K.L.:
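So that we are looking at the same thing, I have put the structure below in structure tokens.
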Amino acid sequence: MDKYQSCAFTGHRPHKFPWRYNEADERCMALKAALKKQITALAEAGVTDFYSGGADGVDCWAALIALELRKEVPTLKLNLILPHVGQSNKWSDAAQERYRTILEQADSVEYVSREYYDGCMLDRNHRLVEASSVLLAVYNGEWRGGTAATVRYARKLQKKVLILHPVSLQMTKV
């Protein structure tokens, strides 16, 4: 793998997966294991800074994996670039608790805006891509949506893009 220093995460929200919010589903557990394998490989290849947008689903799963890995490799950093204060207000109690845990342990937290505005999620996604040398995307290939737009933006900026398909678990390097 080429040498990269920073990696941003992007991926779908739970409702986009066949198992939806059931994290005990074997397909979800397999996706999390595959995600951990990729993040570990990136760290072993020299990535020291990970960036998460903190969205429910892949962003939070990847952030927790990076935090877990940081216990073994203290030089790793988890940086959050969040769209607005209160992003998690409408999430389930469990998702909000996970989000708070991530916020408390992150090395840095940056907000695009104090308040929600139309386009703050897109602005957050752009900042994530701009801050990183590689994008790790859990992406099902659909054309519409935030993950698709983030992958296209990374390609436009000629960033390295690693795509993990959420169901087949196939890895593609773009």
Side-chain angles (χ1 to χ4, degrees), residues 1-14 23-24 28-88 91-114 121 123-139 146-147 150-151 153-154 157-166 169 171-174:
M1 178 178 281
D2 295 325
K3 180 112 172 126
Y4 294 99
Q5 194 170 0
S6 57
C7 173
F9 306 122
T10 190
H12 302 296
R13 307 300 184 277
E23 291 185 41
C28 183
M29 293 188 299
L31 173 58
K32 287 181 182 181
L35 190 57
K36 181 176 182 175
K37 179 180 175 186
Q38 289 306 313
I39 294 169
T40 301
L42 286 163
E44 289 172 352
V47 171
T48 56
D49 290 279
F50 291 97
Y51 289 86
S52 174
D56 193 18
V58 171
D59 287 14
C60 284
W61 299 339
L64 287 172
I65 291 166
L67 288 170
E68 181 183 325
L69 202 53
R70 188 178 68 184
K71 292 175 186 172
E72 300 167 32
V73 186
T75 54
L76 295 183
K77 298 205 176 330
L78 175 66
N79 307 288
L80 302 178
I81 300 176
L82 307 174
H84 62 90
V85 176
Q87 168 177 239
S88 68
W91 298 357
S92 71
D93 290 344
Q96 286 187 43
E97 181 59 34
R98 175 173 29 213
Y99 183 74
R100 279 192 295 275
T101 297
I102 293 166
L103 277 174
E104 290 167 2
Q105 296 182 51
D107 292 287
S108 71
V109 179
E110 172 189 332
Y111 291 95
V112 171
S113 175
R114 301 295 304 159
M121 306 290 185
D123 290 345
R124 180 263 324 264
N125 293 344
H126 284 186
R127 286 199 199 175
L128 287 166
V129 169
E130 292 159 4
S132 64
S133 48
V134 62
L135 178 69
L136 176 56
V138 175
Y139 176 48
T147 301
T150 304
V151 168
Y153 186 66
L157 296 186
Q158 298 181 322
K159 303 282 183 159
K160 179 82 168 180
V161 180
L162 304 174
I163 297 174
L164 174 59
H165 190 279
L169 305 180
M171 278 297 303
T172 308
K173 297 175 185 174
V174 186

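These values consider heavy atoms only, across backbone and side chains, with no hydrogens, waters or symmetry-generated copies. This structure is a prediction, so every number in the text was calculated from the model and none was measured.
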K.L.:
Given side chains that start at C-beta, do those of Leu162 and Thr172 come closer than 4.5 Å, heavy atoms only?
P.N.:
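No, their side chains stay 4.5 Å or more apart.
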K.L.:
Let's go through Phe50 and Phe9 carefully: what are the C-alpha distance in whole Å and the side-chain angles of both, what is the deciding distance for ring pair (Phe, Tyr, Trp, His ring centres under 6.0 Å) to 0.1 Å, and is it a yes or a no?
P.N.:
CA-CA 8 Å; Phe50 291 97; Phe9 306 122; 5.6 Å; yes
K.L.:
For residues Asn125 and Ile81, determine if any side-chain heavy atom of one lies less than 4.5 Å from a side-chain heavy atom of the other.
P.N.:
no
K.L.:
Rounded at 0.5 Å granularity, tell me how far CD in Gln38 sits from NZ in Lys36.
P.N.:
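Answer for the CD-NZ pair, Gln38 versus Lys36, is 13.5 Å.
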K.L.:
Once you measure the plane-to-plane angle for Tyr153 and His126, does it fall in the parallel (<30°), tilted (30-60°) or perpendicular (>60°) bin?
P.N.:
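Geometry flag for His126 against Tyr153: parallel rings.
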K.L.:
Is the side chain of Ser52 donor-acceptor paired with the backbone N or O of Asp59 at a distance under 3.5 Å, no angle test?
P.N.:
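Yes, Ser52 side chain to Asp59 backbone: donor-acceptor pair under 3.5 Å.
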K.L.:
Could you tell me which residues satisfy side-chain hydrogen bond (donor to acceptor under 3.5 Å, both in side chains) with Lys32, sequence neighbours excluded, listed by chain and number?
P.N.:
Glu23
K.L.:
Mind running side-chain hydrogen bond (donor to acceptor under 3.5 Å, both in side chains) on Asp49 and Ser6 for me, showing each step along the way?
P.N.:
CA-CA 5 Å; Asp49 290 279; Ser6 57; over 6 Å; no
K.L.:
How many angstroms lie between CG in Leu64 and CZ in Arg98, if you round to the nearest 0.5 Å?
P.N.:
6.5 Å
K.L.:
I'd like to know if Glu130 pairs up with Lys159 as an ion pair, taking the criterion as any Lys NZ or Arg NE/NH1/NH2 lying under 4.0 Å from an Asp or Glu carboxylate oxygen.
P.N.:
no
K.L.:
With heavy-atom distances below 4.5 Å as the criterion, would you say the side chains of Pro14 and Asp56 are in contact?
P.N.:
yes
K.L.:
Would you say the side chain of His165 lies within less than 4.5 Å of the side chain of Met171, judging by non-hydrogen atoms?
P.N.:
no
K.L.:
Heavy atoms only: give me the nearest Val138-Thr147 pair and the separation to one decimal.
P.N.:
O-CG2, 3.8 Å
K.L.:
With Tyr111, which residues qualify under side-chain hydrogen bond (donor to acceptor under 3.5 Å, both in side chains), at least two apart?
P.N.:
none
K.L.:
State, with a plain yes or no, whether a side-chain heavy atom of Leu69 is found less than 4.5 Å away from one of Thr40.
P.N.:
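Result yes, sub-4.5 Å side-chain heavy-atom pair found.
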